Engineer: 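Have a look at this one before I ask anything.
Both backbone and side-chain heavy atoms feed into the values below; hydrogens, waters and symmetry mates do not. Nothing fancy with the numbering, it's 1 onward along the sequence. All values derive from a computational prediction rather than experimental measurement.
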Amino acid sequence: MKVAVDARMYNMSGIGTYIQNLMKNGLYDIAIGKKEELEGIKEIEKIIEFDSPIYGIKEQLKFPYKELKREKPDILHVPHYNVPIFYKGDMIVTIHDLTHIVYGEFISPFARFYAKVMMKIACKKAKIILTDAEYTKKDLLKYFKVDENKIKPVYLGAKEKIVPKEKEEISYLYEKFNIPKNKKLLMFVGNLKEHKNLERLLIAFSRLKKNKEYTLLLVRKSI
């Protein structure tokens, strides 16, 4: 089976990490995206150059439909809901969450409208819809008329380097980031976007009766 992937989000957080790890496991033969980002990946046999930003008309009109058709993939994996609407081949689509719809107050009305339209199209065109959790499946069934049988929750894995370590191996981090050694740790890992609800996390931590026993760590990618 020849599998293609829309890899334009390769270097982004979240979905980019998802794409990178699937690529490293040799799931794809064809990648659509920037050559300078993808040409070092030995598992990819063919790169189709395409550098249009996501979420817009341009990515639909300039998608490399003809180039992809010439490669004759058995299936195209789109790792986000922004599917190529004029593509006539079989597609697997990953919808990670419905944040743009459920928490529409954090984005513009146009962005929320675009997300709703594109998710509806994605649900209709996809042969299989992958989700990261059962909760996302429930949201899809709630907001869209979609065949439940074609939604497949597949839980995300972890990188090989994410393994338990001895305390001595990570003790240097306490000094590097000035973390108190005599407290228990509560850790948030992610970006600082509004829908991550950090404000409520801080309020909850401030109300924690035993908060003197804990340190709250906010972990994000360095700028």
Side-chain angles (χ1 to χ4, degrees), residues 1-34 37-38 41 43-44 47-48 50 52-56 59-60 63-65 68 73-103 107 111-112 114-159 162 189-191 193 195-196:
M1 177 176 282
K2 187 185 285 189
V3 183
V5 60
D6 181 351
R8 284 176 296 148
M9 299 178 72
Y10 183 83
N11 274 334
M12 295 185 183
S13 64
I15 295 174
T17 303
Y18 175 71
I19 297 169
Q20 290 170 27
N21 283 285
L22 290 176
M23 278 188 168
K24 289 174 185 176
N25 284 280
L27 294 183
Y28 307 117
D29 307 285
I30 305 162
I32 301 165
K34 296 180 184 178
E37 292 180 350
L38 305 171
I41 303 169
E43 291 84 1
I44 300 299
I47 297 171
I48 298 176
F50 183 48
S52 176
I54 61 172
Y55 305 142
E59 71 173 336
Q60 299 298 333
F63 188 86
Y65 297 101
L68 187 58
D74 294 286
I75 201 147
L76 168 66
H77 179 206
V78 183
H80 197 28
Y81 64 76
N82 57 328
V83 298
I85 59 178
F86 302 114
Y87 184 68
K88 298 186 183 301
D90 290 337
M91 277 193 292
I92 293 177
V93 177
T94 301
I95 298 180
H96 298 274
D97 57 58
L98 274 68
T99 299
H100 289 169
I101 294 174
V102 179
Y103 301 106
I107 60 175
R112 188 172 189 271
Y114 178 85
K116 195 169 185 178
V117 170
M118 290 305 299
M119 283 192 195
K120 185 175 182 180
I121 294 172
C123 288
K124 184 176 180 180
K125 291 181 71 71
K127 270 186 95 68
I128 297 174
I129 301 168
L130 303 178
T131 66
D132 298 340
E134 288 283 349
Y135 195 87
T136 304
K137 178 179 178 178
K138 290 177 182 177
D139 275 348
L140 284 171
L141 295 173
K142 177 180 177 181
Y143 287 94
F144 300 100
K145 292 181 180 179
V146 56
D147 180 2
E148 181 177 0
N149 293 319
K150 74 176 185 178
I151 305 175
K152 311 293 182 185
V154 179
Y155 304 117
L156 301 179
K159 292 183 179 180
I162 301 178
V189 182
N191 59 46
K193 293 180 179 178
H195 68 269
K196 298 296 183 180

Engineer: Assess the residue pair Val78 and Ile92 against the criterion (side-chain contact (heavy atoms from CB on, under 4.5 Å)); give the C-alpha distance rounded to whole Å, side-chain angles, the decisive distance to 0.1 Å, and a yes or no.
Structural biologist: CA-CA 6 Å; Val78 183; Ile92 293 177; over 6 Å; no
Engineer: Would Val3 and Ile30 satisfy side-chain contact (heavy atoms from CB on, under 4.5 Å), going step by step from the backbone distance to the final call?
Structural biologist: CA-CA 6 Å; Val3 183; Ile30 305 162; over 6 Å; no
Engineer: Any side chain to side chain donor-acceptor pair (under 3.5 Å) pairs touching residues 118-134, not counting sequence neighbours?
Structural biologist: His96-Asp132
Engineer: Can you measure from CD1 (Ile48) to OH (Tyr65) and round to the nearest 0.5 angstrom?
Structural biologist: 13.0 Å
Engineer: Before you tell me yes or no, could you show the steps for Leu130 and Ile128 under side-chain contact (heavy atoms from CB on, under 4.5 Å), namely the whole-Å CA-CA distance, both residues' side-chain angles and the distance that decides it to 0.1 Å?
Structural biologist: CA-CA 6 Å; Leu130 303 178; Ile128 297 174; 3.9 Å; yes
Engineer: Please name all residues satisfying side-chain contact (heavy atoms from CB on, under 4.5 Å) with Glu43, sequence neighbours left out, ordered by chain then number.
Structural biologist: Ile41
Engineer: Within a strict 4.5 Å, meaning less than it, do heavy atoms of the Phe86 and Phe63 side chains meet?
Structural biologist: no
Engineer: Write out all pairs satisfying salt bridge (Lys or Arg N to Asp or Glu O under 4.0 Å) with one or both partners inside residues 136-151, taking only residues at least two apart or from two chains.
Structural biologist: Lys137-Glu148
Engineer: Run the salt bridge (Lys or Arg N to Asp or Glu O under 4.0 Å) test against Lys116 and tell me which residues pass, sequence neighbours left out.
Structural biologist: none
Engineer: Please name the pair of heavy atoms, one in Thr136 and one in Asp97, separated by the smallest distance, quoted to 0.1 Å.
Structural biologist: CG2-CA, 3.8 Å
Engineer: Measure across Val5 and Pro79 and return the closest heavy-atom pair with its distance rounded to 0.1 Å.
Structural biologist: CG2-CD, 4.4 Å
Engineer: Give, for atom CD of Glu37 and atom CD of Gln20, the distance between the pair rounded to the nearest 0.5 Å.
Structural biologist: 9.0 Å
Engineer: Who pairs with Ala126 by side-chain contact (heavy atoms from CB on, under 4.5 Å), at least two apart in sequence or on another chain?
Structural biologist: Val93, Ile129
Engineer: Ignoring hydrogens, what is the shortest heavy-atom contact between Tyr114 and Gln60? Give both atom names and the distance.
Structural biologist: OH-NE2, 4.1 Å
Engineer: Under 4.5 Å between any side-chain heavy atoms of Met91 and Ile75, yes or no?
Structural biologist: no
Engineer: Would you say Tyr10 and Met23 make side-chain contact, with heavy atoms under 4.5 Å?
Structural biologist: yes
Engineer: Any idea which heavy atoms bring Asn21 and Thr17 closest together, and the distance?
Structural biologist: ND2-O, 2.8 Å
Engineer: Among pairs that include at least one residue of residues 77-89, which meet side chain to side chain donor-acceptor pair (under 3.5 Å), considering only residues two or more places apart or in two chains?
Structural biologist: Tyr28-His77, Tyr55-His80, Glu59-Asn82, His77-Thr94, Tyr81-His100
Engineer: Return the minimal non-hydrogen interatomic distance between Arg8 and Ser52, and the atom names on each side.
Structural biologist: NH1-O, 2.9 Å
Engineer: Between Leu68 and Ile32, is there a side-chain heavy-atom distance shorter than 4.5 Å?
Structural biologist: yes
Engineer: If I take atom CG from residue Asp74 and atom NZ from residue Lys2, how far apart are they, to the nearest 0.5 angstrom?
Structural biologist: 8.0 Å
Engineer: Which pair of non-hydrogen atoms, one from Leu76 and one from Asp6, has the smallest distance, and what is that distance?
Structural biologist: CD1-N, 4.1 Å
